[in-house]
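Beneath this line is the structure, given in C-alpha cells, with notes to follow.
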Amino acid sequence: CSPYFSGPQEKESQTSDGNYKVYFGSSELGDWDIGLSSEYLVPNYLTPNSFQFNNQTLHGIQHNFTCLRTDTVIYGRVTEMGGLPAHPYKIQAYSTLLSSWTEAVSGTGSNNNFVLHISSKDSSGWSVQLATWDNQYPIPAGYILEGGNKSNISPGDTVLLNLISGKMVRDTVKIDPGDPGVSWSSVWLNFWSAGKSYGGNPDNNGIYTIYVDSGTYDVNVYYTGYLSTPRSRNVYVSKDTTGGLGFILNKAHAHISGSLTNVTLPLSPGNWVNGETDSWPNGYGTSSEVDRITGHFDLYLCDGSWTISPPY
C-alpha cells in the first residue's frame with residue numbers, strides 16, 4: 001500500500017485466510033494505492049490491478065481483490081536483431097477486460113522461449129510487453145521492442161518479441177526552484193503512440209536518454225506528488241534527437257477539495273473536475289474523478305493561477 005502523492009511511507013499486510021487489513025493514523029490520510037505482489041500468485045493465478053482510494057473522505061473502506069485462476073497460455077520467444085538473445089527479459093501480459101496481469105522471464109541463447117499463463121475468460125484482448133522498468137532484467141542500452149507492444153493477443157497465440165536498435169532522444173527534467181529534490185529513479189518519461197510505448201528514468205542530473213522507434217509520439221513525465229509543464233509534448237522522431245523536449249516538475253503542495261451540489265447521487269462513472277493554469281499542452285494541469293457515491297472530489301495543485309472546471 002503506497003501513498004499516491006508524497007508523504008507517509010509504504011505499508012504492507014500479510015493475508016490470513018484470504019483476508020487483509022491495513023491501518024492508518026491521523027497523519028496518514030489522503031490518496032493511497034494498494035495492490036498485490038505477484039510473487040505467490042503467478043503462474044497459477046492472475047494478479048489483479050491495484051486499487052486507488054482516499055481515506056480522508058471515506059473511512060472503513062473495504063476492497064476485495066479477485067485472483068482469477070489461469071487455465072491457458074500465450075507462447076512467445078525473444079530475439080535480438082533477429083538472432084538469439086544474450087540477455088534475459090521480463091515479459092508481462094495485461095487484460096483490460098479482466099483488470100489483471102501476469103509475467104514470465106525469458107532465457108538467453110536457444111532458451112529464448114517463454115510461456116505466459118493467462119485466463120480464457122479474455123479470448124482476444126491480451127497485450128504483451130517488455131517490463132522496461134525492472135532493474136533485475138534491464139533492457140540493453142539502445143535496444144527497443146520492434147513495433148512496440150503486441151496487442152489483441154489470443155490464448156494459444158505465439159508472440160515474437162524482437163529487439164532492435166532505436167533512435168536516441170535526450171533532454172533534461174528540471175525541478176521548480178524552491179521545491180525539494182526528487183528521487184530520480186522514480187521519475188518516469190514516457191513516449192506513447194498507438195501500439196507503441198517507450199520510457200525510462202533520468203539520471204541523477206535529471207538528464208534522460210530514451211531510445212524509440214521512428215514515428216510520432218506524445219511525450220509525458222510522471223512523478224508522484226508533482227505536476228509538469230508542459231503537460232505533454234508531441235514530437236516526430238526520425239533520427240537521434242537532443243534538446244527541445246525538456247520538462248519542469250513542480251510540487252503539488254496545495255490540497256483543494258469540494259463537492260458537486262444539486263446533483264442526484266449516485267452519479268454515473270466518468271465525471272471529472274479539471275484544473276489548469278494554461279490551455280493544453282502549456283502550463284500545469286490535473287484532474288480528479290468525482291466520487292460516485294458522495295459527489296466529493298480532491299485536487300492537488302502546484303503554485304500558479306488555476307482555473308477549476310466542473311464536469312461537462
Side-chain angles (χ1 to χ4, degrees), residues 1-13 21-35 49-63 173-190 206 220-232 247-263 265-312:
C1 188
S2 306
Y4 196 74
F5 296 95
S6 56
Q9 298 298 311
E10 292 184 352
K11 295 174 175 286
E12 290 186 354
S13 174
K21 287 185 179 180
V22 181
Y23 294 93
F24 301 89
S26 58
S27 63
E28 300 175 318
L29 302 182
D31 288 291
W32 290 79
D33 190 82
I34 189 168
N49 291 352
S50 61
F51 169 68
Q52 185 184 344
F53 63 93
N54 185 307
N55 60 7
Q56 190 163 27
T57 55
L58 294 175
H59 304 288
I61 300 168
Q62 178 176 336
H63 179 76
V173 179
K174 298 180 180 180
I175 308 302
D176 193 67
D179 280 349
V182 301
S183 172
W184 289 110
S185 62
S186 298
V187 176
W188 184 257
L189 269 295
N190 187 68
N220 299 275
V221 60
Y222 304 96
Y223 184 67
T224 299
Y226 283 69
L227 301 174
S228 73
T229 181
R231 284 171 268 179
S232 180
F247 291 89
I248 297 176
L249 291 174
N250 199 330
K251 184 174 177 61
H253 59 82
H255 178 202
I256 293 179
S257 63
S259 297
L260 298 186
T261 61
N262 294 331
V263 294
L265 300 173
L267 298 169
S268 60
N271 288 288
W272 292 79
V273 172
N274 300 296
E276 60 181 5
T277 63
D278 201 346
S279 58
W280 183 274
N282 302 311
Y284 300 101
T286 188
S287 59
S288 173
E289 186 171 11
V290 179
D291 188 280
R292 294 183 58 199
I293 306 302
T294 65
H296 185 88
F297 65 87
D298 293 273
L299 289 173
Y300 292 84
L301 311 180
C302 61
D303 47 318
S305 298
W306 287 81
T307 299
I308 311 299
S309 302
Y312 290 107

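What you see is a predicted model, and the numbers here were worked out from it, not measured in a lab.
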Parallel, tilted or perpendicular, as decided by the 30° and 60° cut-offs, for the rings of H255 and Y300
parallel
Show the atom names and distances, to 0.1 Å, of all donor-acceptor pairs under 3.5 Å that link a side chain in residues 174-189 to residues at least two apart or in another chain.
{"from": "D179", "atom 1": "OD2", "to": "K251", "atom 2": "N", "distance (Å)": "2.7"}
{"from": "S183", "atom 1": "OG", "to": "S185", "atom 2": "OG", "distance (Å)": "3.2"}
{"from": "W184", "atom 1": "NE1", "to": "N204", "atom 2": "O", "distance (Å)": "3.4"}

Kindly write out the residues that satisfy side-chain contact (heavy atoms from CB on, under 4.5 Å) with [X], not counting sequence neighbours, or none if the list is empty.
{"X": "S309", "value": "T307"}
{"X": "N271", "value": "L267, S268, V290, P311"}
{"X": "S287", "value": "W272, N274"}
{"X": "S2", "value": "E10"}

Partners of H63 by ring pair (Phe, Tyr, Trp, His ring centres under 6.0 Å), sequence neighbours excluded?
F51, F65
Under the ring pair (Phe, Tyr, Trp, His ring centres under 6.0 Å) test, residues paired with H253 that sit two or more places apart:
none
For [X], enumerate each residue passing the side-chain hydrogen bond (donor to acceptor under 3.5 Å, both in side chains) test, keeping only those at least two apart in sequence or located in another chain.
{"X": "D33", "answer": "S50"}
{"X": "Q62", "answer": "N64"}
{"X": "N49", "answer": "none"}

What's the spacing between [X] [atom1] and [Y] [atom2] if we round to 0.5 Å?
{"X": "N54", "Y": "S288", "atom1": "CG", "atom2": "OG", "value": "8.5 Å"}
{"X": "H59", "Y": "L29", "atom1": "NE2", "atom2": "CG", "value": "6.5 Å"}
{"X": "N55", "Y": "F24", "atom1": "CG", "atom2": "CZ", "value": "5.5 Å"}
{"X": "I308", "Y": "L301", "atom1": "CD1", "atom2": "CG", "value": "5.0 Å"}
{"X": "T294", "Y": "L260", "atom1": "OG1", "atom2": "CG", "value": "9.0 Å"}

How close do I293 and P266 get, heavy atom to heavy atom, and via which atoms?
CD1-CB, 4.1 Å
Distance-minimising heavy-atom pair for S232 and W280:
CB-CZ2, 3.6 Å
Within residues 298-312 or reaching into it, pairs that qualify as salt bridge (Lys or Arg N to Asp or Glu O under 4.0 Å) - sequence neighbours excluded
none
Under the salt bridge (Lys or Arg N to Asp or Glu O under 4.0 Å) definition, can you give me all pairs with a residue in residues 274-283, not counting sequence neighbours?
R231-E276
Does some side-chain heavy atom of [Y] sit less than 4.5 Å from a side-chain heavy atom of [X]?
{"X": "F53", "Y": "C1", "answer": "yes"}
{"X": "T286", "Y": "L299", "answer": "yes"}
{"X": "F247", "Y": "P230", "answer": "yes"}

T277 side-chain N/O to Y284 backbone N/O, donor-acceptor pair under 3.5 Å:
yes
Backbone N or O of K21 within a donor-acceptor pair of the S13 side chain at under 3.5 Å?
yes
